[in-house]
Amino acid sequence: MLRIQRNPKVQFLGERLFYSMLKPFTLVATVAAILWFSGLNHFVSAQPPEAGAGTAESQAGHEGHDHGTETASDGPTSFDPAQMTEDELLKMFRSQVDEQTYKLGQEALERFKSQSEELKKVVTEMRVVHTKIRNHIIDDQPRYIELRDQSRKQIGKTYRAALDLLDFMPHASAMQFVNTMIQQRMQYGVYDAETKEGAAKLLDYNASYVHLALATARAATMTGDFVTAQRVYEKLDPEKEMEDLDRRLFATQEELKEQFQIEQALRDNDPDDLPKVRLKTTRGDILVELYINEAPSTVANFIRLVEEGFYDGLDFFQVVDHVLAITGDPLGDGSSIPEKFLQDEDKRDTVRMPLYGSLVMAKLPVPNTKDFVPNSAGTQFAILFSPLPHISHSQTIFGRVIEGFDVLGSLERVDPTKEKKKNEIAYPPDRIVEATVINRPDTLPEIKFVDPTAGRSATVPANPDLPPLNLGAPATR
């Protein structure tokens, strides 16, 4: 029987999600991610599948799918929507819902088709411009970057439309597109609420694949839904089906839950006008907000450096999967020592938690140990790809990403600790093109610099010539 969501507002993360998890997860060859790597900055985009395309499993020809290892599901009977035409799907949908719900479902289908066509159009134009640039026919990189950013936004709109359509029916093209996007998001470590929603909706339709379970559990952890994360992880074999990231997240669920609750309480009381900075990178824009109440000195110094143009042109010299991306070193390799050292703010009465997307000040390492020199932060900072609960009282957390997680996830991976393979091609690191203050108070807090070897602090007055508060527009220097 076709399982239709009769209520488009249904909570898909209910018991029905876990019917599909009662049988063992099986790795299958899913549809190849529809990606395109630009030669200019390796931007990744996805195209929608053709209407009527099959599910991931049917497209892969069931390669790697051992039916003998599956057990019968006690949940609702599953089916292959690829075996139905769109008219047949709509006819069955019409027979099971009222007129209003049917109309909403039709509208959702038309939105998905419209967004898919728009995505094809903008991606095609982007490819044409890129090809002409590579063949020296034109020299118009700004146009390419404009189309790249349009493509990224249109991917998001198409993904949203596909998710909305799945509230009504298991449309094959929508399911395939969501699966493709989940795979891409996993590849680039994008674990937000929409990643959880997409993976969970496919699980809800009995698409019992390991990567969907992992995506659901990871995104649930990152977004504070620990009930879902725990229930999914408990259905997986830690050795055979989990990766290192999952074993780490699963082992620290209680600690992460406690830290997320602390952080959420602080966010609920955050003022609406927290300072914000836009990081324009070679991959696109990342918007961050700064915790000026919990890390006043660090935030004031960060804003000062941004307004001086310090971060413009600096590389993300270390970008490690599932861990962090680090920038802020003028030498470009993490070896520089700041001229002045900031006083740590991780021992204040109220501190922020190191969660997915948090901004953390980097400190000098203690040689031959895993420790860091206290009060040794300066200009380098990290953006976390996943929670790191053990640093909550040893590193200053001074902000978080609020927009641009897809940009963050697409940064070129650079791990200086890994030995290069012979003939391995190393792409140049991504960088901050320009950092701009979007919002800041008229008067910044005092910046407290210290001598880390002397144990004494010295207060540096705020610069009286700093520009005034400017909401919604870049600050002028």
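Each residue takes its place number in the sequence, starting with 1.
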For Arg247, salt bridge (Lys or Arg N to Asp or Glu O under 4.0 Å) partners two or more places apart: Asp244
Residues that Glu254 engages under side-chain hydrogen bond (donor to acceptor under 3.5 Å, both in side chains), provided they are two or more places apart: none
Glu241 side chain to Asp237 backbone, donor-acceptor under 3.5 Å: yes
Backbone of Thr379 reached by a side-chain donor or acceptor of Tyr311 within 3.5 Å: yes
Contacts of Glu234 that satisfy salt bridge (Lys or Arg N to Asp or Glu O under 4.0 Å) - sequence neighbours left out: none
Residues that Asp321 engages under salt bridge (Lys or Arg N to Asp or Glu O under 4.0 Å), provided they are two or more places apart: Arg413
Of all pairs that satisfy side chain to side chain donor-acceptor pair (under 3.5 Å), the ones with a partner from residues 393-402, not counting sequence neighbours: Glu289-Arg400
Contacts of type side-chain hydrogen bond (donor to acceptor under 3.5 Å, both in side chains), residue Arg248, not counting sequence neighbours: Ser386
Salt-bridge criterion met for Lys120 and Glu125 (N-O under 4.0 Å): no
NZ/NE/NH1/NH2 to OD/OE distance under 4.0 Å, Glu118 and Lys153: no
Any donor-acceptor N/O pair, Asp312 side chain to Ala435 backbone, under 3.5 Å: yes
Validation row: Met222, Asp192 side chains within 4.5 angstrom (heavy atoms): no
